[in-house]
S.K.: 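I'd like to ask you about the structure that follows.
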Amino acid sequence: MLIEVGKRCALAGLAQGTSGNLSERNRDGVRITASAASLGSLTAAELVFVTMDGQSTGQRSVKPSSEWQFHRDIYQARPDVHGIVHVHSPFATALACLGKPMPPFHYMIAMTGRAEIPCAPYALFGTAALSSNIVAALGNGYACLLANHGLVAAGRTLEHAFDVALEVEHLAQVYLAAKAAGEPVLLTADQMAEALLRFKTYGAHSAGETGSG
Ligand SMILES: [Zn+2]
């Protein structure tokens with residue numbers, strides 16, 4: 001599934017070159033893409049198993065992504081999360097460079113489990129500081145922006161994480177377009193609570209409009 005979702009990320013324009021990384025919870029550890037792997041053309045040799053205490057196994061020449069630590073820390077903090085997508089997709093990253101959360105300008109933000117999408121403060125990639133900023137910003141939600149960096153989506157499955165990343169990228173594109181034209185009207189706390197409840201009741205996949213409504 002990592003190879004398949006890597007292709008989807010590249011085809012959807014979420015990942016360019018060797019930026020971004022993916023992982024899945026795997027028994028007592030994490031299966032993660034290798035350092036400097038290109039998400040669009042992953043091979044089985046570029047998937048690395050890392051134990052929860054940070055030991056990687058397999059070919060010595062293949063190192064896990066430098067961001068393995070925040071993947072591991074999210075799995076430890078969130079037993080419900082089984083897949084993580086991290087990308088530097090252009091619109092979400094543009095928004096992250098403003099260092100602000102994405103406010104409730106559209107009801108689909110509720111698919112991320114909260115009324116707004118927080119932005120984790122900047123810290124150097126691959127550091128414990130970045131990891132703790134991400135875990136704190138993610139909270140109980142499924143997505144957060146990373147200031148001056150990109151986007152993290154965490155899902156019940158890797159496919160769910162991909163769906164969240166794709167939606168957040170789309171929302172960021174729409175938000176920036178709306179901001180360029182004027183000041184977007186924000187939904188109220190009550191309106192977002194109603195949307196959040198709908199997503200909880202019907203599940204993320206059916207709560208979005210699927211042809212009607
Ligand atoms: Zn990154």
Side-chain angles (χ1 to χ4, degrees), residues 1-3 5-25 30-43 46-50 54 56 62-78 81-102 112 117-139 141-155 158-173 176:
M1 192 44 71
L2 287 161
I3 292 173
V5 170
K7 273 192 201 127
R8 285 187 211 170
C9 286
L11 284 173
L14 297 181
Q16 303 84 29
T18 59
S19 74
N21 36 74
L22 311 173
S23 73
E24 275 186 306
R25 189 192 288 278
V30 179
R31 226 151 80 93
I32 188 165
T33 51
S35 175
S38 179
L39 294 192
S41 56
L42 289 171
T43 63
E46 290 174 315
L47 305 178
V48 187
F49 179 77
V50 182
S56 60
V62 185
K63 286 193 177 137
S65 162
S66 58
E67 300 288 26
W68 67 268
Q69 196 168 340
F70 79 65
H71 288 256
R72 187 270 313 265
D73 293 350
I74 291 171
Y75 291 122
Q76 281 188 328
R78 292 281 302 275
V81 167
H82 292 268
I84 295 169
V85 170
H86 165 56
V87 287
H88 302 173
S89 55
F91 292 102
T93 303
L95 192 55
C97 291
L98 303 179
K100 288 180 188 159
M102 192 192 297
T112 69
I117 301 173
C119 184
Y122 178 79
L124 182 66
F125 72 93
T127 61
L130 178 62
S131 179
S132 67
N133 291 352
I134 292 170
V135 169
L138 195 63
Y142 293 122
C144 71
L145 304 172
L146 277 55
N148 310 94
H149 184 156
L151 160 71
V152 167
L158 183 60
E159 285 159 299
H160 177 221
F162 171 77
D163 289 346
V164 171
L166 193 60
E167 187 61 37
V168 172
E169 175 65 3
H170 174 71
L171 287 167
Q173 182 172 11
L176 291 169

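Indexing begins at 1, ligand by ligand and atom by atom, following the structure's order. Start at 1 with the first residue, then count along the sequence.
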S.K.: Using modelled atom types and a 3.5 Å cut-off, is there a donor and acceptor pairing between side-chain atoms of T18 and backbone atoms of S38?
M.R.: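 Answer holds: no.
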
S.K.: What pair of heavy atoms forms the shortest contact from M102 to L171, and how long is it?
M.R.: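 M102 and L171 have their closest heavy atoms at SD-CB, 3.8 Å.
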
S.K.: Taking all non-hydrogen atoms of both residues, which atom of L47 and which atom of R31 are closest, and how far apart?
M.R.: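 Between these two residues, the closest heavy atoms are CD1-NH2, 3.7 Å.
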
S.K.: Under the 3.5 angstrom rule, does the side chain of N133 hit a backbone N or O of A120 as a donor-acceptor pair?
M.R.: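 Answer holds: no.
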
S.K.: What protein N, O or S atoms come within a distance below 2.8 Å of the Zn ion (ligand 1), ordered by chain and number?
M.R.: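 Listed by chain and number, the nearby protein N, O or S atoms are H86 NE2, H88 NE2, H149 NE2.
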
S.K.: Identify the residue among I74, V135, V168, V85 that makes a side-chain contact (heavy atoms from CB on, under 4.5 Å) with V152.
M.R.: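 Of the listed residues I74, V135, V168, V85, the side-chain contact (heavy atoms from CB on, under 4.5 Å) partner of V152 is I74.
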
S.K.: Using only atom types and a distance under 3.5 Å, with no angle test, would you say the side chain of E46 pairs donor to acceptor with the backbone of T43?
M.R.: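 Between the backbone of T43 and the side chain of E46 there is a qualifying donor-acceptor contact (under 3.5 Å).
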
